[in-house]
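Structure first, commentary second.
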Number of protein chains: 2
Amino acid sequence: MILSFAEMTTQASETPNKDIPEEINGLRMTRQRQEVYRFLMGERIHPTANEVFMGIKKALPNVSLATVYNCLEALVQHKIIRQVNFDREPSRYCPNLDEHGHFHDETTGTIHDVKFKPGINLTDLLDLPPNTVIKDIEITLRGQLA
Amino acid sequence: MILSFAEMTTQASETPNKDIPEEINGLRMTRQRQEVYRFLMGERIHPTANEVFMGIKKALPNVSLATVYNCLEALVQHKIIRQVNFDREPSRYCPNLDEHGHFHDETTGTIHDVKFKPGINLTDLLDLPPNTVIKDIEITLRGQLA
DNA sequence: TTTGTAGCAAGAACTATTCTAAATATCATC
DNA sequence: GATGATATTTAGAATAGTTCTTGCTACAAA
Ligand SMILES: [Mn+2]
Ligand SMILES: [Mn+2]
Ligand SMILES: [Zn+2]
Ligand SMILES: [Zn+2]
């Protein structure tokens, strides 16, 4: 495959991604951010930064791992995606913005989104100190899909 | 303060800790493991490995950080304490073995144990795939204690 | 065009944690 | 109690995910 000059340059002027808007939540969607976001939306496998890096290389051969980290951080900070951590493992990234938890299947290593049953408000079930303002809840499950 | 010869030696033969048994859950409680565990039980502040390290130095001047990590890992693996992770921050350690979550107060940086209200079974509230064996649940809250 | 700002790439730096190797302690057996 | 095997500790080196620095490119405003 022969790359056009535009495809070989390093920055956002490269061939645009038609199906992803130029801006989301006030964040300018550069070509790199678009590819990172597209990859997350496509394979919803909660990939690590490095898996994203490898996954977008075909579309963006000159992208750097630092840029992937920058893009992921920007997307997280603008609440376009979420960062998910399991113990001390590499961070993973999730484009599902609905309130949900994460089930880590130990046999396959895969991660599955877990919804709450309808009508459940989690903070109601917790014995929280009075005057507590909760900004974020994270639920992580570990086990096996027998 | 003048240290006795026993206090200056490096291993478990040092002055025993009366109030901590010689063995817990099949783990031999060496002097180092005793001091790590005693510190966790005393200041229930979910300290990091480094905070434990600094906290037990007065009692055990020659202890090394690697040993603190070794002790913490041994205690975790024998289910004497629990390891708690917040995002990518350094791991913290908790001697409370009851099922509980952790509330991270962003203003003070402190961490508080959060119990569930009586009669709550968390897995009942989740929309889990069938035939799922859950081995561990972790609940983490972030916010402010207004 | 000029000038300013944002974004990117490459590699260095950072840091929590783990590993390695040698010394010491404890345990089992005599 | 000596002796040999095993477990633990220590200091420092190594690791790895992530962040930082620097120089460069793209884009926007004037
Ligand atoms: Mn990663
Ligand atoms: Mn630590
Ligand atoms: Zn998810
Ligand atoms: Zn706790």
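Here is the naming used below: chain letters follow the sequence lines, and residue numbers restart at 1 for every chain. On a predicted model such as this, the values are computed, not experimentally measured, just so you know. Just so you know, these numbers use all the heavy atoms, side chains as well, and skip hydrogens, waters and symmetry mates.
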Taking [atom1] from [X] and [atom2] from [N], how many angstroms apart are they, rounded to a whole number?
X: Met29(B); N: dT8(D); atom1: CE; atom2: P; answer: 12 Å
X: Glu35(A); N: dA9(C); atom1: CD; atom2: P; answer: 12 Å
X: Arg28(A); N: dT5(C); atom1: CZ; atom2: C1'; answer: 10 Å
X: Arg31(A); N: dC8(C); atom1: CZ; atom2: P; answer: 12 Å
X: Asp87(A); N: dA16(D); atom1: CG; atom2: P; answer: 18 Å
X: Met54(A); N: dG17(D); atom1: CE; atom2: P; answer: 11 Å
X: Asn62(B); N: dG12(D); atom1: CG; atom2: P; answer: 13 Å
X: Glu89(A); N: dT15(D); atom1: CD; atom2: C1'; answer: 16 Å

Distance below 4.0 Å between [X] side-chain N/O and [N] OP1 or OP2:
X: Thr67(B); N: dT10(D); result: yes
X: Ser91(B); N: dT17(C); result: yes
X: Ser64(B); N: dG12(D); result: no
X: Tyr69(A); N: dT19(D); result: no

Students often get this wrong, so: under 4.0 angstrom with heavy atoms, is Asn70(A) touching a base, only sugar-phosphate, or nothing?
nothing
Single-linkage hydrophobic cluster, 4.5 Å side-chain cutoff, Leu128(A) and Val133(A) together
no
Please state whether the rings of His100(B) and His46(B) are parallel, tilted or perpendicular, taking 30° and 60° as the class boundaries.
tilted
Any donor-acceptor N/O pair, Glu73(B) side chain to Asn70(B) backbone, under 3.5 Å
no
Tell me whether Asp105(B) contacts the main-chain N or O of Gln144(B) through its side chain, where contact means a donor paired with an acceptor under 3.5 Å.
no
Among dT18(D), dG12(D), dC20(D), the nucleotide that comes nearest once only the side chain of Ala66(B) is considered
dG12(D)
Of the options dT10(D), dG11(C), dC8(C), whose atoms approach the side-chain atoms of Gln32(A) most closely?
dC8(C)
Nearest-nucleotide comparison on DNA chain C, the residue closer to the 5′ end among Val63(A) and Arg88(B):
Val63(A)
CD1 on Ile56(A) to CZ on Arg31(A), rounded to 0.5 Å:
9.0 Å
Quantified as the angle between the terminal helix axes (five pairs each), what is the overall bend of the helix from dT1(C)-dA30(D) to dC30(C)-dG1(D) to 10 degrees?
30°
Toward the 5' end of DNA chain D, by each residue's nearest nucleotide, Val68(B) or Leu65(A)
Val68(B)
Pairing of Arg142(A) and Glu106(A) as salt bridge, 4.0 angstrom limit:
yes
Can Gln83(B) and Ser91(B) be counted as having a side-chain donor-acceptor contact under 3.5 angstrom?
yes
